[in-house]
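First comes the structure, then the notes that go with it.
Given the structure is predicted, the values throughout are model-derived calculations rather than measurements. Note on naming: letters A, B, ... go to the chains in the order of the sequence lines (proteins, then strands), and numbering restarts at 1 for each one.
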Amino acid sequence: KQEVTQIPAALSVPEGENLVLNCSFTDSAIYNLQWFRQDPGKGLTSLLLIQSSQREQTSGRLNASLDKSSGRSTLYIAASQPGDSATYLCAVSNTNAGKSTFGDGTTLTVKP
Amino acid sequence: SQTIHQWPATLVQPVGSPLSLECTVEGTSNPNLYWYRQAAGRGLQLLFYSVGIGQISSEVPQNLSASRPQDRQFILSSKKLLLSDSGFYLCAWSLRGEQFFGPGTRLTVL
């Protein structure tokens, strides 16, 4: 059974700092890994999708990496802004059916 | 472009009452559809998924059920709600393994 862990559970940084969020998974035979952002009381917004054959994906100030052999992914946020404050969730799929196992998320606070 | 709708946005129901949450997707055909529940401060737990009309798979035993009467409509139901059914319910669809989520329904059972 796939298990996904996100550390730390919460993170507070000053504006402008670069930061890294971590996601680890127990079963390395994944199909893809997806990073989401969730604002309080809202649904999830897809940030980046990494296929199992890829090592990283980039979108603007966000860069996600994947190391299947070690069961790890990182989400790098450059030059953080207060608007980046949200909970970031990592989801791992083991098949192309889209069923995912989610981590509990990292709640990020960026202070002005 | 694709859009996913959920309603109602919030719902307060007494214990023992029935439940019906609806999800519809626009702009795509024959999507895989999912119902997730999120407990406070936690990740998402997959409840049901569907690969086509009338095809429902349940991931966890519970007093909830799901139905897919039309290609782009997914319904979550209960005959009698429990206190433990309170939570944030999210509907999602997927394309080539990438998932997209609706705005969610906040359910409070009193």
Quick one about B:Gln99 and A:Ser46 (side-chain donor to acceptor, distance below 3.5 Å, no hydrogens or angles considered), yes or no? no

Please answer: with hydrophobic residues joined when any side-chain heavy atoms are less than 4.5 Å apart, are [X] and [Y] in the same cluster?
X: B:Leu21; Y: B:Phe74; answer: yes
X: B:Leu90; Y: B:Phe48; answer: no
X: B:Leu33; Y: B:Leu46; answer: no
X: A:Leu11; Y: A:Tyr76; answer: no
X: B:Leu82; Y: B:Val109; answer: no

Closest-packed option against chain B by number of heavy-atom pairs under 4.5 Å, given [options]:
options: A:Gly41, A:Ala91, A:Cys90; result: A:Gly41
options: A:Thr95, A:Leu44, A:Leu49, A:Thr101; result: A:Leu44
options: A:Phe36, A:Phe102, A:Tyr31; result: A:Phe102

Using non-hydrogen atoms and a 4.5 Å limit, figure out which bit of B:Leu44 sits close to chain A: side chain, backbone, both or neither. both

So for B:Gln6, is it side chain, backbone, both, or neither that comes closer than 4.5 Å to the heavy atoms of chain A? neither

Check whether any side-chain heavy atom of A:Ser100 lies under 4.5 Å from a side-chain heavy atom of B:Tyr34, and answer yes or no.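 No, too far: nothing below the 4.5 Å cut-off.
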
Nearest heavy-atom approach of B:Phe88 to A:Gln38 is CE2-NE2, 3.8 Å

For B:Tyr49 and A:Lys99 the tightest heavy-atom approach is CE2-CD, 3.0 Å

Quick check against the 3.5 Å criterion: does A:Gln34 have a side-chain atom that pairs as donor or acceptor with the backbone of B:Glu98? no

